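Source: prediction; values computed, not measured.
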Amino acid sequence: DNIVQAMHWLTKGAQSGDVLFVHYSGHGTQITAEMTSGEIDGKDEAIVPVDYEESGLITDDVVFQYLCRPLPEGVRLTALLDCCHSGTLMDLPFVFTADPDAPTSYAPSTCLLYTSDAADEEDRET
């Protein structure tokens with residue numbers, strides 16, 4: 001609950017021009033997604049908090065709901081996620097590939113994501 005409460009605290013009251021930063025180092029995992037989740041690979045990525053056996057995992061849907069969805073235009077959120085499966089942990093609607101031969105296109109976003117995980121299957125397919 002503390003992690004989700006901290007996500008809500010960070011974004012609550014954010015206004016255009018604000019710059020926010022969030023960092024998570026710990027365990028990450030993948031679980032089978034619900035049929036209605038729309039996950040291409042059928043899996044949700046999740047943070048594994050220390051108390052996950054009592055409080056449960058924190059899925060990418062929850063991370064998006066509390067960190068990205070509430071941000072108004074003009075707010076910049078930088079997230080540093082140091083865990084497995086972090087490349088798609090924020091459920092962002094796009095994937096940036098640093099390939100000099102690929103056409104350049106950017107989706108408008110207020111969220112920046114830095115990850116340290118080994119690429120998961122979903123990352124390699126997009």
Side-chain angles (χ1 to χ4, degrees):
D1 288 341
N2 287 340
I3 294 174
V4 174
Q5 288 174 5
M7 290 178 190
H8 178 68
W9 172 86
L10 181 65
T11 59
K12 187 174 103 178
Q15 300 176 37
S16 183
D18 288 349
V19 177
L20 309 175
F21 179 82
V22 64
H23 172 250
Y24 173 79
S25 288
H27 293 292
T29 191
Q30 286 184 317
I31 57 174
T32 302
E34 295 180 16
M35 297 296 289
T36 58
S37 74
E39 297 288 343
I40 295 169
D41 65 354
K43 298 176 185 173
D44 276 320
E45 287 67 41
I47 290 174
V48 184
V50 171
D51 66 346
Y52 78 95
E53 290 178 342
E54 294 86 33
S55 298
L57 301 171
I58 301 171
T59 66
D60 51 5
D61 299 326
V62 172
V63 173
F64 182 83
Q65 176 185 347
Y66 285 95
L67 281 182
C68 293
R69 181 172 287 149
L71 295 179
E73 188 173 332
V75 174
R76 176 72 59 146
L77 170 67
T78 300
L80 176 60
L81 304 173
D82 179 19
C83 61
C84 292
H85 307 291
S86 59
T88 52
L89 186 58
M90 291 179 70
D91 243 2
L92 297 176
F94 59 89
V95 175
F96 172 76
T97 303
D99 180 355
D101 297 325
T104 303
S105 65
Y106 301 94
S109 175
T110 58
C111 295
L112 298 177
L113 174 64
Y114 298 96
T115 67
S116 66
D117 71 325
D120 59 29
E121 195 63 33
E122 187 174 336
D123 293 335
R124 285 191 284 273
E125 291 176 3
T126 54

Engineer: Calculate, to the nearest 0.5 Å, the distance between atoms NE2 and CG belonging to His8 and Asp1 respectively.
Structural biologist: 13.0 Å
Engineer: Just to verify, what does Glu53 make a side-chain contact (heavy atoms from CB on, under 4.5 Å) with, not counting sequence neighbours?
Structural biologist: none
Engineer: What residue pairs, at least two apart or across chains, pass side-chain hydrogen bond (donor to acceptor under 3.5 Å, both in side chains) with a residue in residues 13-23?
Structural biologist: His23-Ser25
Engineer: Determine whether a donor-acceptor pair (N or O, by modelled atom type, separation under 3.5 Å) exists between the side chain of Asp44 and the backbone of Asp60.
Structural biologist: no
Engineer: If you draw a 6.0 Å radius around OH in Tyr52, do more than 12 non-hydrogen atoms from other residues or ligands fall strictly inside?
Structural biologist: no
Engineer: With sequence neighbours left out, what residues match Val22 under side-chain contact (heavy atoms from CB on, under 4.5 Å)?
Structural biologist: Leu10, Leu67, Leu77, Ala79
Engineer: Nearest 0.5 Å, what's the CD1-CE distance between Ile3 and Met7?
Structural biologist: 6.5 Å
Engineer: Would you give the length of the straight line joining atom CG of Leu20 to atom CZ of Arg76, rounded to the nearest 0.5 angstrom?
Structural biologist: 11.0 Å
Engineer: Around atom OH of Tyr24, are there more than 12 heavy atoms from other residues, nucleotides or ligands closer than 6.0 Å?
Structural biologist: yes
Engineer: Who passes side-chain contact (heavy atoms from CB on, under 4.5 Å) against His27, sequence neighbours left out?
Structural biologist: Val48
Engineer: So how far is it from Ile58 CD1 to Gln65 CD, rounded to the nearest 0.5 Å?
Structural biologist: 12.0 Å
Engineer: Report the residues that fulfil side-chain contact (heavy atoms from CB on, under 4.5 Å) with Asp51, sequence neighbours left out, ordered by chain and then residue number.
Structural biologist: Pro49, Glu54, Ser55
Engineer: When rounded to the nearest 0.5 angstrom, what is the spacing between OH in Tyr66 and CD in Gln5?
Structural biologist: 9.5 Å
Engineer: Hey, what else clusters with Val19 if you join Ile, Leu, Val, Met, Phe, Trp, Tyr whenever side-chain heavy atoms sit under 4.5 Å?
Structural biologist: none
Engineer: Could you state whether Ile47 and Leu57 fall into the same hydrophobic cluster, counting links through intermediate Ile, Leu, Val, Met, Phe, Trp or Tyr residues with side-chain heavy atoms under 4.5 angstrom apart?
Structural biologist: no
